[in-house]
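Below, chain A is the first sequence line, B the second, and so on; all start at residue 1.
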There are 2 protein chains.
Amino acid sequence: MTKKGKKIPRIKDIAELANVSPGTVDRVIHNRGKVSQKAREKVLKSMKELNYEPNVMARALVSTGKFRIAALIPDPANDEYWEAPYQGVDQAETKMRQYGVVVDKFLFDQNDPLSFKEEASKISESDYHGILVAPIFYRESLAFLNRWSKQGIPFSLFNTHIPDYKPVVYVGQDSYQSGVLAGKLLHYACRQGTFVIAHIDKEIPNSTHLIRKEQGFIDYFGENDLQKQINIVRIEISEWTNKKDVYRKFDDLFQQYENIHGFFVTNSRSYIVGDYLINKNLQNIKLVGYDLLSKNLALLESGTIDFLINQNPRGQGFMGVTLLVDHLVFKKSIEPIKYLPLDIVTSENVQYYVDKI
Amino acid sequence: MTKKGKKIPRIKDIAELANVSPGTVDRVIHNRGKVSQKAREKVLKSMKELNYEPNVMARALVSTGKFRIAALIPDPANDEYWEAPYQGVDQAETKMRQYGVVVDKFLFDQNDPLSFKEEASKISESDYHGILVAPIFYRESLAFLNRWSKQGIPFSLFNTHIPDYKPVVYVGQDSYQSGVLAGKLLHYACRQGTFVIAHIDKEIPNSTHLIRKEQGFIDYFGENDLQKQINIVRIEISEWTNKKDVYRKFDDLFQQYENIHGFFVTNSRSYIVGDYLINKNLQNIKLVGYDLLSKNLALLESGTIDFLINQNPRGQGFMGVTLLVDHLVFKKSIEPIKYLPLDIVTSENVQYYVDKI
DNA sequence: TTGTACGCGTTATCAG
DNA sequence: CTGATAACGCGTACAA
């Protein structure tokens, strides 16, 4: 297919072929200014004939420093979970600097809606050409998304989807499908017995993520008509910082169901279940969780955690910025939803997922 | 860390600070031409002070069309396995065109060393600035690698490693570790019984890949002191195109060992085992293989194949080109070996690995 | 409505 | 040994 030795056509070449000036070609390409019908047609014809594609670099070189993007994400200092997305944004930042794009990070405390509002306000006051935001506070976020929509500032969403105001793209997790996958992984090891869905978070009912994961897990068994063999129960632990409390809850659980064969922890805190299993010396109980936090990794190595489901959080941060830039600077058309692969991580392949994008 | 509003320092800025001309700064940066000791020191000092980083785009803009790369890979028309790497190269090709790099593909028949030599000769005769090669014929490859080394043409290796002549980078599979992983996956489902390592290829003793995979698999069980519970046997099928022959071999195997619980197929032909299992209506036998070929995918969906290990072949083709360009054009320093993640693919997450890079 | 000239940051060339 | 200057392809302000 590739034609060797052919020179890449430039705007100037099109201009010559169409007997107009480069300026006119430019006007046709960008639909700006006035162009006579005749000229426009000639130019379009020549463009097709030469199979013109703009030179991204030359374009970017011209517009150096003209694009400013704001990233509004939780401060990783407060929660290791946000470390990876932060790094992803950071990485995209340095890459995009090359293209004349400046990315400024605005960090808020994921336990403090006020700090979110503060940082969001800062962004609104400066003028940015695009915004990447992790809208984890629904109400507070809505207000700003509304505002930015009216101002005509494009934004992309990350981690949490709020479709009300059309984002350029949502980059995040496919929660439901990850639950289905978790079901498969436990069922693969264990054809009968009781599986526990463990929600370990402050605000469980509010967290649509967790609910969707649960639904996916349940549907896996439902669809496969396996209900007779498999018993599924759920446990909610909102005060997970209180160890005694947590242990008491688990003790109760194990008294109530004697044939527990597996746990599915619906967020990154599977290490809490892992600690309990080790503490009580419970063997042969399968454990599937999420995210490559250091505590989880240790338990993965030791074999207490069998699988961690990982949706490349660093890649998510990276893609969030990258796709926004693609839309903004390079005018590419973007799919409205971007899921990264649901990676299955075990101690045998974890090396490839840590510290990589 | 990011200083907002700061302008990115240019060569010109360094020149001014150091009281020299941009030309001199350029000479210092690239170690070319003669520069007085005094001038060199001043420039280096200014560079550090301003924290200079070259502008990739401006650099690439200058050298448009000056870099030509050849990719010497098997023709996907003869084997679906090579489809993905081909696409990866293709994708890199279009991306790199933007940077003024031209990539020409040279395809050979992976069953015909002669075609390899022919294409390689073509490359040697034209003058390319870099070469990506899948050196699947050891002897034939050596000759050309030697030649290119003497000519000073950098090359990177892909799929098969030949360390004799230093490549820029080897991009490929971590065969041993993938075998370890396969062991984990079978063992996770099945704590005792017989596992079969199935080599299905024309030239098994010659194929170091297959041997390494086997070793990894065995070592997984060895290291974990599980020999008493698990029995490992191996089968070699070189004439895999003859169905009757294949079936007879499997029949013999099942007669000899009555408690076979799992198969590990060491290359992309796990569909052959899958077909057999379906044909003989053998249930509850675990099957782990490699690569997302269409036949494998069908069996993955239907549940006959449990897991496919996938090392992003499209990504490998892509990285092969990309890293070579990074070295050649952008003068980045490259790690000599690049493994892509060993992805565990099941019917529940396969959607994210098909048609993506 | 159309054409022209300059600048973006880097590199290569040529004159000093 | 060093400095000035013209490209690279595109966008844009300004002139016609």
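Atom NZ in A:Lys38 sits about 9 Å away from atom P in C:dT2, given to the nearest Å. Atom P of nucleotide D:dC10 and atom CD1 of A:Ile29 are separated by 7 Å, given to the nearest angstrom. In this entry the distance linking CG of B:Asp26 with C1' of C:dA12 reads 8 Å, nearest Å. In this structure, B:Glu41 atom CD and D:dC1 atom P are separated by 14 Å, rounded to whole Å. A straight line from CD1 of B:Ile11 to P of C:dG9 spans 11 Å, rounded to a whole angstrom. Regarding A:Ile14, its CD1 atom lies at a distance of 12 Å from the P atom of D:dG9, rounded to whole Å. Separating the NZ atom of B:Lys12 from the P atom of C:dG7 is a distance of 9 Å, rounded to the nearest angstrom. Per the geometry, CG belonging to A:Asp13 stands 11 Å off P belonging to D:dC8, to the nearest Å.
Among the atoms of the strands shown, only primed sugar atoms or phosphate atoms (P, OP1, OP2) are found under 4.0 Å from some heavy atom of B:Arg32.
Salt bridge absent: A:Glu125 and A:Lys122 never bring a charged side-chain N and a carboxylate O closer than 4.0 Å.
For A:Arg27 against D:dG11, no side-chain N or O and base N or O form a donor-acceptor pair under 3.5 Å.
Put simply, A:Tyr52 has no side-chain N or O that comes within less than 4.0 Å of OP1 or OP2 on D:dG9. A:Arg10 has a side-chain polar atom (N or O) that falls below the 4.0 Å cut-off from OP1 or OP2 of D:dG9. Distances shown here put a side-chain N or O of A:Ser36 below 4.0 Å from the OP1 or OP2 atom of C:dT2.
Closest heavy-atom contact between A:Ala18 and A:Ser46: CB-OG, 3.3 Å. Residues B:Leu340 and B:Met319 share a closest heavy-atom pair of CD1-CG, 4.1 Å.
Closest to the side chain of B:Asn55, out of D:dC8, C:dG3, C:dT10, is C:dT10. Which of C:dC8, C:dT2, C:dT11 sits closest to the side chain of A:Val62 comes down to C:dC8.
Note that CD of A:Gln151 is 7.5 Å distant from CD1 of A:Ile131, once rounded to the nearest 0.5 Å.
If you find the closest nucleotide of DNA chain C to A:Ser21 and to B:Glu53, the one lying nearer the 5' end belongs to A:Ser21. Comparing B:Thr24 and A:Arg59 by the nucleotide of DNA chain D that holds the closest heavy atom to each, the one mapping nearer the 5' end is B:Thr24.
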